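No experiment lies behind these values; they were computed from the predicted model shown. Per chain, numbering begins at 1; letters A, B, ... match sequence-line order.
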Amino acid sequence: MAAPGPEQPRLWQEAAALAGAVRGALGPRGGRALLLRPTGEAVPTRDGRRLLEALSVEPPAARVMVARACSFRAATGDGAKSFVVLLAAVLGGLRAAGGGAGLRRALRDFEARVLERAAAQGLRRHLRPAPPGLLEPLLEPYLAGRLGPGERRRLALLCAEMCRRCAPAAAARPQVLRLLGRRFAELHAAVPGLPLASSRVLPGIVLRRDFAAYCPTDGVLRALLVTEPLRPALTAPGVEFVVDSEGQYQASLRWIAKRTEALMKRLQSNNVKLLLSSVKQEEEVIYYAKLYGVSVVECLSSEEMALISEITGVFPYTPFGDDMDREITETAVVTFCQPLLLVSKRCVHIGFTSVSAFQPHCLILCGPVDGVNEQHAAAVQEAFTMLQQLFKTVDQREEWKAEGENQSEASDVCTWHSSATQKQLVIENTCNSNQVSECQLKALSDERERKILDPDESDLLVHNQKNHSTPVLVVHNADTVSACKCLCVGKGLEKTCCHIVPFKQGQSCAGIGQDYSNCLIEAGSVLPVGGYFEILLHYYIQDCAKQCQQSEVSIVSNIVADALLSIPKALYRTAERNGFTTFYLEAINLLRKNQPLPVNNEGVESVYCKYQLVISVLHCVTELLSIDLVIGIRRPLQKIEDHDSEDDS
Amino acid sequence: MSRLEAKKPPLFISEPLTRDAVSQSLSVLSGILKSSYGPAGRLKQLHNGVGGCVCTTSQSSALLGHLSISQPVLRVLTASVRNHVSRFSDCGLFAAILCCGFIENFRSLNVAPFTVIKISRHLLSLCMEHLKSEACGCRVSVDFSSVETLACLVRSILTSKPACMLNKTEVDHLTSLVLKAFIFTVPCHVEANAVLGKCVIIPVKGRRVVDSTVFPGLLLETPEIQLGKPLAVKRTGSKMIKIALFSVSMSGDGFNPEEGTVAVHHGISLEVSELNQLLNVGKQLVKDEVGLVVCQKVMHPSLKQYLQEHGVLAVDRAGLSVMEPLGRMTGSQPIASIHSLSPGCYGTVKDLCVESFASKRFLHLIPEDTVICSLILCNRSETAWDELKRVCETAEHVLQLTVKEPLALLGGGCTETHLVSYIRYKSSSLPASTFKDLDCSQTQYQLVAEGFCRSLESVARSLSHNGEEILTDMIYGHSWFVPSGSPCVSKWSDLVSRCGCGVNDNTEDLSWRFLQSQSGSPVIQGCPKEPSAKVADLLTLDCFAAKCSGLQVALETANLILDLSYIIEDQN
């Protein structure tokens, strides 16, 4: 079945409906939505991605919008709601202007000629570096978009405390943040029925089950990880045990008991006082463990086992098949091991000596109901993703190399010739399965190559026209651009766009870091929250549009510039009347007089994410407008790589 | 995989709190809860219409556990209160009524939810700071060297649950039993990590409440044991009785169901071989001078007989629930293998005797150091017994919480009215910078503070069920009840004798006012005072930890509900 592509009014209606559904949850004054699952659970949330997915929209174009918003959110940890609001505003503007293929083509020209110029000539003068070491100014506004007004301050403090205690050395922070984001499910424990004020950060990790056997000990001890039953079995699947005599049967059982006992004795003599088992052990094993002073924790999940392996660098031990006299070397060093009473439930609390920069700490989240804890946990986890964007600094090349080597299966190399410079850009398409959700955006530079740069290059824009099956592109510039940023929009069968932000030489910009004065938006640049980014970009786009000759580009410029204001308008929606107008007029007046904007104390946000949001929205609009036919098919489309598998937890 | 069946579109409800259905359900729920609150609360009968037993109760855990609530907003409320009850056992109705009050009072204000939440958070922090400060006039410190305050605490809990149908003698009797049982569970020798013991409740239905009693140690139900016969038990050199505890089945057919197959040749009996092994264990036990063998599961009759012939008392089918207290009390390790017995597994008891109680026979294990005790709890009917059991567990839990934090709050509505006086006084004297920090105007702050106070007052008012008027005094901020139908008099002191908690009496003029009068609430001059009188012996007290947490949870839940702008319901 085929139907003509959605027309502009239709697109706008769908986008406006989506925007209407999320607008109420946008910004620091937004409200919460209560999602009722078919199982009867009630989960409060303000997460744009969850909201959009819960709406489970039907029209294909709206589904594309939701998918784009969600994949943008997955990459940066933020911005799904703003994405939809901005998208609806741009589509609305285009509709009001009459639409047409001319405007669609002009969108691309707008990006190259106006948007980048506006960012380079105007916006970057206002940027400032992120406050070093301080996480709260970034976390608090982020959590303000995700949590209720009474909770954000407390959780921002907890989140920052957790980061600081897990990574005492600031240099290790990017690496630790990645681990925190990935393993957060195992690094927190939720306690319903207590007020939020009881939440805290504890050293070590908490396993949410009781000891199968607990033998109190003092001081440092050793722990062993096992993944199989420690009691030898009489038979196994497909194995027949033939009983010849009663004596033989009893002797076999006795041998099993003796063997189990001998193993425990051996553990004791090796100072192993804690067994961490991923499987349930026989009662006999627990009994002998108690006799020989070995504590046992059973039924650890594979994620918990992986986390412990990662912290301690120790792998599970196989007890059989080796001679019994060998010293057990696969032991982890445990600084303490004790029961922890989480109000009325006993849990296991273990402190490990870490072999990496990550100092294990655990977040105890308290809230009146499970749903609230779930919301808090999701917000904190995504806050870690958001913080990673900030720490992705330009000098991450070494680390990136290491990652690339690990995962360099199926990488193809494409080569383009840039029309402007005739220099080669090499784009490596790396199948980066582990890192999909967290490093879709990479910013990197090549300092060695910068010296030979030609300073009077004109704007450079490369569009990757190829269809890629993998969503992650790592742009590795050989010698052209000192810093480039790569954004990939879309997943699965969708067209993947690779966009390289150009830089412009010879402009008088009050550079922040001398080293990176060549790039458009430095990693780590921030602006105060509360619509400053949008107002600034609005102003400078209009400014640049005036110099533009083409009438269609200037129409598009005005549309985008006005659409940008939809976000601050939504932010000031619930504030006192005329809140937005006052703010807008004040800001524009200051900009006209070339004065700095006033600073509020509400915190800062990453400009990088914001700028990418605008570009992603424009790409999404282009894509939607380019569709001319909707074809219904019988079989469901296969998803090639699931972006969000990690975030679904 | 995509789902192939047609999905129903989700239901989108915006501004759920403005809907009539929600406010109606809320007022019904808060009506049910308010009418059940306190010692004079009305009872609720829960039944399912197709027969079965009827539950008569006024407790939040029973009420909220059985009500099926369709409004999602209220489901959040009840889930939160039930979580609170599962943590603290007490103050469930307090939290629930308060939460309903917050929602009702804040919703009717013409202030944006964002602002309401910020201000109410600030008010809560004022309350918590006050409750945690030394100067707080509505808390008393609990002295563990005397039993009086503890008795007040337990008595208040027992009397606040009218469905137990207790008279005064019964309350006194149970109060002393609960306290005795609690004191038994405190370890005699204090170590660094002292852990409280356990009180095991044994049900005896159909007897009078005053027949209830408490024993140190454990009672194991043993129907076979002969009454009257003296127990001939082997004792060790130090006059103690050695005990062996088995967690493994000793029935002789306990083959572990492993994967794979066991092929047995003709003429070989694994049962016989198992039994032989069991008898070997028996021989070993006799040799080790064990006097009592307790098995969690079933014991083979032959083994039982063998043991009895050799003067060893054997008890089987003890059940999993007694294993942990039994191990703790006797210091024995439950044995999980019949192939090797380690002497380190045996424990000891001081003495054994047989107790008989209402046609049931028990073996009484008397330990050296008591951390485990057994409470035989009697009540006439099944439902009243269930209620009584919940109350006794609550009382034990409250005493445990009080050990951790030796404080109690004044009951009888006095804590609530005291907090109201404090908030009214405090909110009238806040610096302008507070309003700036909260991004609100002073009027908004006053409006929210008034809603906050009214919610607290509505909890105190819920204690009155017979049309009593409630007064509050302007000195201490306590609550006073005027019996209904009282004549009009010029002096309030002729009508009121004691305040709700029992600390203050009517000897001095305390300038009483109506609680929630139409003419607006007067603000007292200065912080409400701490009562000067020494603690009387018949005080009504509430658990400090439970009430503080209940207050916080109620506000957090109300804020969560007020913050909802829409509901998206997945209808699949």
Side-chain angles (χ1 to χ4, degrees), chain A residues 21 24-25 29-38 42 44 51 54-56 58 148-150 192-197 216 233-246 249-250 253-254 256-258 261 282-284 286-288 290-291 343-344 367-372 574 636, chain B residues 1-2 7 9-10 12 14 16 72-73 75-76 79-80 83-84 86-87 112-114 117-118 121 193 247-248 256 258-265 268-270 272-273 276-277 333-337 339-340 342 344-345 549 552-553 556-557 559-560 563-572:
Chain A
R29 284 166 174 266
R32 262 187 269 224
L34 192 67
L35 304 184
L36 299 177
R37 296 187 178 151
L51 283 175
L55 291 172
S56 53
E58 291 233 308
L194 286 185
L196 176 64
L234 204 57
T235 58
V239 176
E240 195 180 63
F241 179 77
V242 182
V243 180
D244 289 326
S245 69
E246 284 158 18
Y249 179 69
Q250 282 306 327
L253 290 181
R254 212 170 301 127
I256 288 176
K258 287 271 175 271
E261 188 175 3
E282 295 275 346
E283 253 182 79
E284 226 171 27
I286 307 295
Y287 164 62
Y288 286 117
K290 275 186 196 159
L291 278 185
V343 188
S344 56
V369 276
D370 280 318
V372 171
T574 49
Chain B
M1 274 296 288
S2 303
K7 274 175 84 172
F12 189 91
S14 62
V73 171
R75 280 218 299 267
V76 173
S80 152
N83 283 332
H84 165 82
S86 71
R87 302 285 168 229
F114 176 77
I117 292 169
K118 275 191 148 181
R121 272 264 164 191
N193 291 320
S247 60
V248 71
N256 285 321
E258 289 173 17
E259 290 179 50
T261 46
V262 176
V264 183
H265 280 216
I268 297 171
S269 164
L270 294 187
V272 170
S273 114
N276 284 335
Q277 181 59 35
Q333 196 77 256
I335 299 164
S337 166
H339 294 282
S340 72
S342 159
C345 296
S549 182
Q552 296 177 70
V553 162
E556 275 180 22
T557 311
N559 281 350
L560 165 67
D563 196 27
L564 292 179
S565 3
Y566 30 77
I567 296 178
I568 302 174
E569 185 174 0
D570 190 340
Q571 296 187 305
N572 292 294

Please rank A:Pro368, A:Gly31, A:Gly148 by heavy-atom pairs under 4.5 Å with chain B and give me the top one.
A:Pro368
A:Glu240 atom CD, over 12 foreign heavy atoms within 6.0 Å:
yes
Nearest atoms (heavy-atom pairs only) where B:Val553 meets A:Gly193
CG2-O, 3.8 Å
Against chain B, label A:Leu51 side chain, backbone, both or neither, depending on which of its atoms sit under 4.5 Å from a heavy atom there.
both
I'd like to verify something: which residue of B:Asn276, B:Ile335, B:Asn559, B:Thr557 has the highest number of heavy-atom pairs under 4.5 Å with chain A?
B:Ile335
Turns out that what part of A:Ala42 lies under 4.5 Å from chain B's heavy atoms comes down to side chain
Taking B:Asp570 for its side chain and A:Leu36 for its backbone only, find out whether a donor-acceptor pair lies under 3.5 Å.
no
Gap between atom NE2 of B:His339 and atom NZ of A:Lys258 - 0.5 Å precision
10.0 Å
Pairwise distance CG(B:Asn83) to CG(A:Leu194) - rounded to 0.5 angstrom
9.0 Å
Would you mind checking which part of B:Arg75 comes under 4.5 Å of any heavy atom in chain A, side chain (CB onward), backbone (N, CA, C, O), both or neither?
side chain
Can you name the nearest heavy-atom pair linking B:Ile117 to A:Pro149, along with the distance?
CG2-CG, 3.6 Å
Looking at every heavy atom in both B:Ser273 and A:Gln250, which two are closest together, and how far apart are they?
OG-NE2, 2.7 Å
Which bit of B:Pro113 comes within less than 4.5 Å of chain A, counting heavy atoms only: side chain, backbone, both or neither?
neither
Given B:Ser269, B:Ser86, B:Ser14, B:Pro334, the one with more heavy-atom pairs under 4.5 angstrom with chain A than any other is B:Ser269
Measuring heavy-atom distances to chain B, does A:Val242 have an atom under 4.5 Å in its side chain, in its backbone, in both, or in neither?
both
Listed partners of B:Gln333 passing side chain to side chain contact (heavy atoms under 4.5 Å, CB included), at least two apart
A:Lys290, B:Cys345
With sequence neighbours left out, what residues match B:Tyr566 under ring pair (Phe, Tyr, Trp, His ring centres under 6.0 Å)?
B:Phe12
Do you know which of B:Glu569, B:Arg121, B:Glu556, B:Gln552 has the most heavy-atom pairs under 4.5 Å to chain A?
B:Glu556
Pick from A:Pro237, A:Gly24, A:Ala54, A:Ser56: which one has the most heavy-atom pairs with chain B under 4.5 Å?
A:Pro237
Portion of B:Ser342 that has a non-hydrogen atom of chain A nearer than 4.5 angstrom:
both
Value for CG (A:Asp244) from CD1 (B:Ile268), rounded to nearest 0.5 Å, stands at 6.5 Å
To the nearest 0.5 angstrom, please state how far the CG atom of B:Leu270 sits from the CG atom of A:Leu253.
9.0 Å
In terms of side-chain heavy atoms, does B:Ser247 have a donor or acceptor partner in A:Glu283 at a distance below 3.5 Å?
yes
Heavy-atom pairs under 4.5 Å with chain A are the metric here; pick the option from B:Ala336, B:Ser549, B:Gly344 that has the most.
B:Ala336
Counting heavy-atom pairs closer than 4.5 Å to chain A, which one of B:Val272, B:Asp563, B:Val76, B:Val264 comes out on top?
B:Asp563
Under 3.5 Å, is there a donor-acceptor pair linking the side chains of A:Tyr288 and B:Ser340?
yes
Chain B heavy atoms under 4.5 Å from A:Pro44: which part of the residue, side chain, backbone, both or neither?
side chain
What's the spacing between A:Glu261 CD and B:Ser337 OG if we round to 0.5 Å?
8.5 Å
